[in-house]
Amino acid sequence: MLKVVILGAGNVASHLCKAFVASKEVSVVQVYHRNKKSLHFFPTEVDTTTCLLDIKDADIYIIAIADDAIKPFSKGLPITKKLVVHTSGSKAMNKLSNTNRKGVFYPLQTFSKKKAIDFSEIPICLEAENETDLKLLKKLGDAISKNVQIVNSEKRAKLHLAAVFVNNFVNYLYQVGSDLLLEDSLSFDLLKPLIKETAAKIETLKPTDCQTGPAKRNDLKTIENHLHLLEDSPYRDLYQKLTKAIQQNYNHG
Ligand SMILES: NC(=O)c1ccc[n+]([C@@H]2O[C@H](COP(=O)([O-])OP(=O)(O)OC[C@H]3O[C@@H](n4cnc5c(N)ncnc54)[C@H](OP(=O)(O)O)[C@@H]3O)[C@@H](O)[C@H]2O)c1
């Protein structure tokens, strides 16, 4: 049984904890967080603490806190020579303190506390300083996912950048769509089948083969009408930039 301590109580910490508790190969011996309130959301059978000096012995310590806090937090850990990993897509492994063995356990997915998720399909990107630690992390990843990969810090940063485009930016565009519909009291639900099909298409087609719409067809009158509808809108500039990018992609620029 792999013993794990989770450090942090946000989206990733809570989902990882749930997945580990459900697995037979991992024991979450403790969850640490700097404030008590956030720890109430963790399963009652898991020990919790708000005091770093009380953290228990474990095989792996998982830091799942805000990116910019990882470096100073890892420096302040009262343990030495243990395997300490972070869960960030963008931070290099060497941001972790030298006082412990370093690693990365990056689940490539979007996590929100309020949305349940099936961990078995989530790619988990691993990195460690040596083969033994990599094996340990592989065991941990295999306990919750069917898709565990070894990815170094440089490649992981690129993966994270791509993830920001396909997830964060796309989600922002959902919000834009929702706002535009709201102006005419139309429901966002009307767009959901379209959103689902857009995502489903890339299971079988390349992104370049999926594109449709006025920019791809170079339907200039339709684009003009859209810009007219966006005359006083904060989204006009965004529409123009994205339209231009698509036009150039299909040699209309
Ligand atoms: N969410 C995702 O979709 C996702 C996916 C993959 C990887 N990740 C990575 O996972 C890590 C955690 O992300 P998250 O989304 O779970 O974050 P989150 O829900 O925003 O939670 C961040 C946690 O970090 C804590 N924190 C912030 N500054 C701290 C400090 N100086 N010392 C101690 N704790 C501190 C916060 O504590 P308070 O509540 O007290 O402020 C909070 O519990 C990040 O490295 C992120 O890049 C996130």
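By convention here, the first residue in the shown sequence is residue 1.
With no hydrogens or angles considered, no side-chain donor-acceptor pair links N100 and S74 at under 3.5 Å. For Y235 and D179, the side-chain atoms include at least one donor-acceptor pair closer than 3.5 Å. Side-chain N/O atoms of N147 and Q149 include a donor and acceptor closer than 3.5 Å. Judged purely by distance below 3.5 Å, without hydrogens or angles, the side chains of N35 and S38 pair a donor atom with an acceptor atom. For the 3.5 Å distance criterion, the side chains of S120 and D118 qualify, holding a donor opposite an acceptor.
Across V4, V46, V12, a single residue satisfies side-chain contact (heavy atoms from CB on, under 4.5 Å) together with C17, and that is V46.
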Kindly determine whether F119 and F111 satisfy ring pair (Phe, Tyr, Trp, His ring centres under 6.0 Å), including the steps that lead there.
CA-CA 11 Å; F119 242 96; F111 298 95; 5.6 Å; yes
For a salt bridge (charged side-chain N to carboxylate O under 4.0 Å, His left out) check, start with the C-alpha distance between E127 and R156, then their side-chain angles and the critical distance, and finish with the verdict.
CA-CA 9 Å; E127 192 177 2; R156 184 165 32 79; 2.8 Å; yes
Give the intermediate values and the outcome of salt bridge (charged side-chain N to carboxylate O under 4.0 Å, His left out) for residues K95 and D67.
CA-CA 10 Å; K95 293 285 171 206; D67 285 351; over 6 Å; no
For the pair D142 and K139, evaluate salt bridge (charged side-chain N to carboxylate O under 4.0 Å, His left out) and give the outcome as yes or no after the intermediate values.
CA-CA 5 Å; D142 286 343; K139 206 170 154 194; over 6 Å; no
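Expressed to the nearest 0.5 Å, how far SG of C51 lies from CZ of R34 amounts to 15.0 Å. Taking OG of S88 as the reference point, atom CD1 of I70 lies at 4.5 Å (rounded to 0.5 Å). I195 CD1 to D189 CG: the interatomic distance, rounded to the nearest 0.5 Å, is 9.5 Å. The distance from the CG atom of D184 to the CG atom of L186 is 5.5 Å, given to the nearest 0.5 Å. Considering OH of Y239 and NE2 of H226, their distance stands at 5.0 Å, rounded to 0.5 Å.
A heavy-atom distance below 4.5 Å is found between the side chains of L173 and L238. V85 has its side chain within reach of I62: a pair of non-hydrogen atoms, C-beta onward, lies under 4.5 Å apart.
Sparse packing is recorded around CD of E131, with 12 or fewer heavy atoms of other residues, nucleotides or ligands lying under 6.0 Å away. For CG of D68, the number of neighbouring non-hydrogen atoms (other residues, nucleotides, ligands) closer than 6.0 Å is 12 at most. The number of heavy-atom neighbours closer than 6.0 Å to NZ of K201, taken from other residues, nucleotides and ligands shown, is above 12. Other residues, nucleotides and ligands contribute more than 12 heavy atoms inside 6.0 Å of the NZ atom of K113.
Both cation-pi conditions hold for K216 and Y250: the charged atom is under 6.0 angstrom from the six-membered ring centre and inside a 45 degree cone around its axis.
Legend: residues meeting side-chain hydrogen bond (donor to acceptor under 3.5 Å, both in side chains) with D59, ordered by chain and number and at least two apart, are absent. The salt bridge (Lys or Arg N to Asp or Glu O under 4.0 Å) test applied to K146 returns E121, not counting sequence neighbours.
When atom types are taken as modelled, the side chain of S153 and the backbone of M93 share a donor-acceptor pair closer than 3.5 angstrom.
Between F20 and F105, the ring-plane angle classifies as tilted under the 30° and 60° cut-offs.
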